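Working notes for the structure below.
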2 protein chains.
Amino acid sequence: MAQEEVQNGGAEKVAAVKFTAVKPQLMVEAPKAVDAVQFYKSAFGAVEVGRTVHPKRKAEQELPHILSAQLELAGSIILVSDIAENSTPVKTDGGGCVLCLETEDVKAAVDKAVSAGGVAVGEITEDDGACCGGLVGKVKDPYGYVWAICSPAKKCDDVKA
Amino acid sequence: MAQEEVQNGGAEKVAAVKFTAVKPQLMVEAPKAVDAVQFYKSAFGAVEVGRTVHPKRKAEQELPHILSAQLELAGSIILVSDIAENSTPVKTDGGGCVLCLETEDVKAAVDKAVSAGGVAVGEITEDDGACCGGLVGKVKDPYGYVWAICSPAKKCDDVKA
């Protein structure tokens, strides 16, 4: 694995960024996330441990846009989110899976990913969506996957569906 | 959440299937998985803990098709696989992320997922790829995501890159 050795020089910079969790976020065409959550419960026995809905839509519509439902499955957390024009953190090409990567130092992590060849998608913003508040920066990797690098999901445990 | 109550009747059947792990599998156009692995190391500090290559291609080509590279990231495992015509367990529409779900009872899990509204993709087969051997059955959920339901990845720890 000669390529591993070539890039060992970057190891020290990487060590400065600690990630605390990686969570697949399944983007679903709005407003089907509510159905998708039900499916993952029925099909796989997933347990919903939290849900964050769009604060403005909540009162107006019967089925609020789900910014993020947090499902526990096989000891891991997966997120299910409605894709909507202006409420979700990341709109991928034709839906798809976003990988949420949690860290205390969002900016350093985004910078490092970009320096490694990723492409930043927009700016780092304050977000109250998938990652339960805090900063979120998005990076598209050279293979088409979007990584949502965000603050740790501290508030998730308080949001019960 | 009226919909939760409606489907509570299925809870006992779900309880019979235990899942031991869920792992996002990033499908990458062959033969770029080797580069993708390097990127995830450089960008996020991922650590490769195992790699399974296509046994027949190994001797023939300089860059063997990666059936599955197992990367540890933030305490979780993600898988990176080359998409190839005849060697990878799942070819998704235009690449994408597959969710590997490990269980001792692949058939019961596939049946349950299908009864919940998923669509089986092919038959349950013996596989030496992403899941490190054992059975694998694929189910496409109603939202377009492919779940690879497979035997627990017992051999992964023995495969060092």
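Convention: sequence-line order gives letters A, B, ...; per-chain numbering from 1. What you are looking at is a predicted structure, and each value in this text was computed from that prediction instead of being measured.
Salt bridge annotation for B:Glu104-B:Lys18: absent, with no cationic side-chain nitrogen under 4.0 angstrom from a carboxylate oxygen.
Chain B forms more heavy-atom pairs under 4.5 Å with one residue of A:Val37, A:Val114, A:Leu99, A:Leu101 than with any other, namely A:Leu101. Interface summary for chain B: among A:Val139, A:Ile78, A:Leu73, A:Thr103, the most heavy-atom pairs under 4.5 angstrom belong to A:Leu73.
Hydrophobic clustering places A:Val47 together with A:Ile77 (ILVMFWY residues linked when any side-chain heavy atoms are closer than 4.5 Å, directly or through intermediates).
A side-chain N or O of A:Tyr40 and one of B:Asp141 form a donor-acceptor pair less than 3.5 Å apart.
A distance of 11.0 Å separates CD1 of A:Ile83 from NE2 of A:His65, quoted to the nearest 0.5 Å.
Both the backbone and the side chain of A:Ala36 come within less than 4.5 Å of a heavy atom in chain B.
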